[in-house]
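Numbered from 1 within each chain, the chains take letters A, B, ... in sequence-line order.
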2 protein chains.
Amino acid sequence: MRRVSSPRIPHADPSAQRAECAEPADRPRRRNRTVQRERLLEMLRSTDTHPTAADLFEGLRGEFPRLSLGTVYRNLEVLVCEGTVEQVPSQSGVMRYDGNPQPHHHFVCDACGDIRDLDIQLPSALTTRLQRRYKLRADRVRVDFFGLCETCSDRDS
Amino acid sequence: MRRVSSPRIPHADPSAQRAECAEPADRPRRRNRTVQRERLLEMLRSTDTHPTAADLFEGLRGEFPRLSLGTVYRNLEVLVCEGTVEQVPSQSGVMRYDGNPQPHHHFVCDACGDIRDLDIQLPSALTTRLQRRYKLRADRVRVDFFGLCETCSDRDS
DNA sequence: ATTTCTGCAAAAATTTTGCACCTTG
DNA sequence: CAAGGTGCAAAATTTTTGCAGAAAT
């Protein structure tokens, strides 16, 4: 007999979230102010389009002709680790960044991929239920609604 | 005077979701059954760990020693387009796949990245409010709770 | 003076694609 | 046999990294 137990699916997440943010607790890292990082943050705060690293790079090239993508990525990492900026994984696989510090949710257009901020409150009962039913304590919730945005919806009809 | 309007942030989503799924309406594509695709789906259905393409590839290599990653990706695309499988973008940036056809939500562990299925109902009032407040009609909602899973929570304390 | 940051270029990681051959219906 | 699928390898994309020089404190 040659039945074999069905193969295991290994489950190794390449980068458990924010693990790389850990700092040596003894000597806290000192951070310089740099124009690049400052402008990057301003730019993120001035929009709600959830730009990608490439979007930001493009947007800053006018001001910093010698800017490099590496710098953008490195600064985004710093801001994310600080908690100033949030990483929003998108359906296309390209990472997006969100400079909106308020807790909020998103509407994602299935057609154009645009992500729009929503100011909608989630009933707190949900987190309580999660706790009771699953013994899981959540400190953040993210809600994504999917559908067609007004523009794409109009275009289709 | 040399003030310039602050740079635009271009916003081009590399792949507006599922656009590549479109079929020529006139001649609907015929699909062959293949063992590879069948087993891939079975594997996705037999777990709730939301495996990556690489995970699935690894898991199937025992059965199909000559399997290629390209085939895995191509079949995943087919299944996603069919609506049989859902793509779950993860916080790490690596795409994950979900074979659970029931609408459900997720708990994501901040430490290990594990994604767990939740059977929790979202109040339908939310979608209504979205419609009224934003004129946005959503046909799907995804809720992700974030926090530490039991294992990681125990380890930390 | 020391640590941090930048630009550049190379590398790594993930996903897509072209092509010749094999499979399915 | 015609359309679709596979494996393989090369390419495309996105993100990370090493290094030497520049900037910040």
Side-chain angles (χ1 to χ4, degrees), chain A residues 12-21 23-24 26-41 51-58 60-61 63-82 85 87-97 113, chain B residues 12-15 17-21 23-24 26-41 51-58 60-61 63-82 87-97 113:
Chain A
D13 199 316
S15 85
Q17 191 200 16
R18 310 286 102 240
E20 66 279 25
C21 287
E23 284 191 24
D26 46 328
R27 193 173 56 75
R29 190 180 186 72
R30 120 190 168 205
R31 273 286 53 135
N32 291 346
R33 296 181 354 111
T34 74
V35 209
Q36 287 92 332
R37 184 147 64 232
E38 242 151 41
R39 291 293 295 120
L40 186 73
L41 181 53
T52 64
D55 291 339
L56 293 160
F57 176 66
E58 271 314 312
L60 288 172
R61 267 152 71 58
E63 256 179 287
F64 307 95
R66 339 211 39 193
L67 185 67
S68 90
L69 249 182
T71 299
V72 171
Y73 275 108
R74 274 184 288 225
N75 278 324
L76 284 170
E77 191 191 308
V78 171
L79 295 170
V80 168
C81 285
E82 283 179 4
V85 160
Q87 250 175 341
V88 183
S90 82
Q91 206 61 29
S92 79
V94 185
M95 194 58 77
R96 292 174 165 279
Y97 295 86
Chain B
D13 199 317
S15 87
Q17 191 197 12
R18 307 289 101 242
E20 67 277 24
C21 288
E23 284 192 25
D26 46 327
R27 195 174 53 75
R29 191 183 185 70
R30 121 191 170 206
R31 217 96 247 186
N32 291 345
R33 298 181 352 109
T34 74
V35 209
Q36 287 91 332
R37 186 147 63 232
E38 241 151 41
R39 290 293 296 119
L40 187 73
L41 180 53
T52 64
D55 291 339
L56 293 159
F57 176 64
E58 271 314 311
L60 289 172
R61 267 154 70 57
E63 253 179 289
F64 307 95
R66 337 212 41 194
L67 185 66
S68 90
L69 249 181
T71 299
V72 171
Y73 276 107
R74 275 185 287 225
N75 278 325
L76 285 171
E77 192 192 309
V78 171
L79 295 170
V80 168
C81 285
E82 284 180 3
Q87 249 177 339
V88 184
S90 83
Q91 207 60 30
S92 79
V94 185
M95 195 58 77
R96 290 172 166 281
Y97 296 86

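- Partners of B:Arg33 according to the salt bridge (Lys or Arg N to Asp or Glu O under 4.0 Å) rule, which considers only residues two or more places apart in sequence or in another chain, are B:Glu38.
- Residues satisfying the side chain to side chain contact (heavy atoms under 4.5 Å, CB included) test with A:Glu82, not counting sequence neighbours, are A:Val78, A:Leu79, A:Thr84.
- In this structure, CE of B:Met95 is placed 12 Å from C1' of D:dT14, rounded to the nearest angstrom.
- Counting to the nearest Å, the P atom of D:dT13 and the CZ atom of A:Phe57 are 16 Å from each other.
- Taking atom CG of A:Leu79 as the reference point, atom P of C:dC5 lies 11 Å away to the nearest angstrom.
- The closest donor-acceptor contact from the side chain of B:Arg37 to the backbone of B:Asn32 lies under 3.5 Å.
- Axis deviation across the helix from C:dA1-D:dT25 to C:dG25-D:dC1 amounts to 40°, comparing end segments of five pairs, rounded to 10 degrees.
- Going from atom CG of B:Leu69 over to atom P of C:dA13 covers 14 Å, rounded to whole Å.
- Rounded to whole Å, atom P of D:dT14 lies 12 Å from atom OH of A:Tyr97.
- Partners of B:Arg29 by side chain to side chain contact (heavy atoms under 4.5 Å, CB included), not counting sequence neighbours, listed by chain and number: B:Glu23, B:Arg31.
- Heavy-atom minimum distance, B:Leu69 versus B:Ala53: CD2-O, 4.2 Å.
- Summarising the geometry, the separation between CG on A:Leu76 and P on D:dT14 is reported as 15 Å, rounded to the nearest angstrom.
- Note that the CG atom of A:Leu56 and the CZ atom of A:Arg39 stand 11.0 Å from one another [nearest 0.5 Å].
- Taking 4.0 angstrom as the limit, B:Tyr73 places none of its side-chain polar atoms (N or O) nearer than this to OP1 or OP2 of C:dT16.
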Letter by letter from the 5' end, nucleotides 3-10 of chain D scores (B base, S sugar-phosphate only, - none; protein heavy atoms under 4.0 Å) BSSSBB--

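- In terms of the side chain to side chain donor-acceptor pair (under 3.5 Å) criterion, residue partners of A:Thr71 (sequence neighbours excluded) are, by chain and number, A:Ser68.
- Rounded to whole angstrom, the span from the CZ atom of A:Arg61 across to the P atom of C:dT6 amounts to 17 Å.
- Put simply, the side chain of A:Gln36 never gets that close to the backbone of A:Leu67: no donor and acceptor are under 3.5 Å apart.
- Here B:Arg74 does not pair with B:Glu77 in a salt bridge; the nearest charged N to carboxylate O distance is not below 4.0 Å.
- Atom CG in B:Asp55 sits about 15 Å away from atom C1' in C:dT15, given to the nearest Å.
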